Chemist: 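The structure that follows is given in the form of structure tokens.
Note that ligands are numbered from 1 as they come in the structure, with each ligand's atoms numbered from 1 the same way. Please read these numbers as outputs of a predicted model, since none were measured by experiment.
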Amino acid sequence: MENKVVTRFAPSPTGFMHVGNLRTALYSWLWAKKNNGTFILRIEDTDKEREVAGAEEHIIKVLKWVGLNWDEGPIVGGPQNSYKQSERLDLYKKYAQTLIDKGLAYPDPYTAEEVEEFRKKAEADKKAFLYREHRPETFGVWDGTKPLRFKIENIKRYEWNDVVFGDLSAGPEALDDFILIKSDGYPTYNFCHIVDDIEMNITHVIRGQEYIPSIPKFLALYEALGVKPPIFACLPHIMGKDGHKKLGKRDGAKDAFEYKEEGYLPEALINFLALLGWHPSSDQEVFTVEELIKSFELERIQKSGAQWNDEKLDWINKEHIKKLSSEELQKNIFEWLPENLRIQKIIPLITERISKFGDIKKMIEIGELDFLVKQPEYAKEKLIFKNTAPEKIKSNLQQAIKALENIAENEFTSENVKAALMQIADTLESRGELLHPVRFALSGLDKSPDPFIIADILGKNETISRLQKAI
Ligand code: GLU
């Protein structure tokens, strides 16, 4: 029981769900699953100014879509009274009182203007501003109207180990008397996330590397509370396509849910994000979720920034499309097709041409699928193959019609059509003299699937009618 791994994902409902956040959630989830542990979802909503309406529901929607289910948290509940920080204020006050009682927390005696003066003075002296240099000699009684600050007692160098970044340390300059509870009554992230991590028995804190500079402060707080800190694993930034800057809006950093809207499979996005900063011990690149759980190791997370790569995501998505059962494939494809195009036979034709289901939308928009439901329009010259004489093309098409007429309607499959047409094509100087005009007559497109598949989809009557029109 004591050694049970407990991880958490602790988003702030301040806006959209960046793919980097989703990766953090994924790594925490994978680590819990791998160790038969507990994965907790906690909503960190104490920054009321930055809160965005609907953001919490949005986070939950994304997690559900990708299947990162939580063992404790909103909706599912658990041993805690609530998994939302704004509903745990009494608990933070209790911890604050413990610190006050130990003489390790005090009300800020200064006005905001006074603090600003200190800051300006430090700047003029070319020094880093440290609040603790102005720490009052004696502490007043905290009545809740002033911020409550943490008195960092041991101003020293802290050393710690990060599973990803290795041995780290920071000197006293990283330590200051930070605010525990603001004058609006809400605790700061720095304070309440530690209370929560303690209360929820979190064993592994997995989060972005931007938190590394704050860790000495957290360690000082753990020390003050007399609690052993959890294991820290900070994740490298996700870099944009140029590899130098963090993935930002400019690189098209999207809300994770947009990938659903673009027709990516959740298991593919998970697979891609897993590999963004973590490397398995083998060369395997396509993973099911179960395989990820099995292979995932915190120790194999890379220190250097992982680079976003749309092409790789598309490739992985295509690989996952290939893994779908025919029922799942049909269901997904039909969702993107208008009713008149929901034809089972066109599934392979579409599958071969997409890397995500949203590509179907583009195919429809540019009219690439129109030929399946209506006779194509095209300039007659398009039927001519290289320098072949039009008369020759015509007689080839006539032969083709004859051959196709001999196939029974219920045997009009792409294999049989191919056999019939190839028999003729093989007698010609070049197969293109027949196959090109047939393909064009059937599709009206410069680029299209092979004519046998199209014929199969169109059926015998429609195929022959299009060839006749061409003649
Ligand atoms: N609420 C913080 C965030 O969204 C959580 C950081 C952490 O995991 O401790 O970045």
Chemist: Which option, Y211, F218, F232, owns the non-hydrogen atom nearest atom 3 (C) of ligand 1?
Modeler: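 Comparing heavy atoms across Y211, F218, F232, the nearest one to atom 3 (C) of ligand 1 lies in Y211.
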Chemist: Hey, which atoms in ligand 1 end up nearer than 4.0 Å to a heavy atom of Y189?
Modeler: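 What qualifies from ligand 1 is 2 (C), 5 (C), 6 (C), 7 (C), 9 (O).
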Chemist: Does F9 have a non-hydrogen atom less than 4.0 Å from ligand 1?
Modeler: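 Judged by the 4.0 Å heavy-atom criterion, F9 does not count as contacting ligand 1.
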Chemist: What pairs with K156 under side chain to side chain donor-acceptor pair (under 3.5 Å), at least two apart in sequence or on another chain?
Modeler: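 Once residues adjacent in sequence are excluded, the partners of K156 under the side chain to side chain donor-acceptor pair (under 3.5 Å) criterion are E223.
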Chemist: At the 4.0 Å heavy-atom cut-off, does R8 count as touching ligand 1?
Modeler: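 So R8 counts as touching ligand 1.
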Chemist: Provide, to 0.1 Å, the distance between atom 1 (N) of ligand 1 and the closest protein heavy atom, together with that atom's residue and name.
Modeler: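 Going by distance alone, atom 1 (N) of ligand 1 is nearest to E44 OE1, 2.6 Å.
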Chemist: Applying the ring-ring contact (aromatic ring centres under 6.0 Å, His included) criterion to Y106, which one of W142, F150, F139 satisfies it?
Modeler: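 The passing option is F139.
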Chemist: Write out the residue and atom name of the closest protein heavy atom to atom 5 (C) of ligand 1, then the distance separating them to 0.1 Å.
Modeler: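 The closest heavy atom on the protein side is A10 O, 3.1 Å.
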Chemist: Does any part of the side chain of R135, heavy atoms only, come nearer than 4.5 Å to the side chain of R149, both counted from C-beta?
Modeler: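 No, their side chains stay 4.5 Å or more apart.
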Chemist: Check for me whether the distance between the ring centres of Y189 and Y211 falls short of 6.0 Å.
Modeler: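 Yes, they do, as the ring centres are separated by less than 6.0 Å.
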Chemist: For V205 and ligand 1, does the shortest N/O to N/O distance drop below 3.5 Å?
Modeler: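 V205 vs ligand 1: no N/O contact under 3.5 Å.
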Chemist: How would you list all residue pairs meeting ring-ring contact (aromatic ring centres under 6.0 Å, His included) that involve residues 71-102, not counting sequence neighbours?
Modeler: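 Non-adjacent pairs meeting ring-ring contact (aromatic ring centres under 6.0 Å, His included): zero.
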Chemist: For Y27, does the six-membered ring have the charged nitrogen or CZ of R23 within the cation-pi criterion, i.e. under 6.0 angstrom from the centroid and within 45° of the normal?
Modeler: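 Yes.
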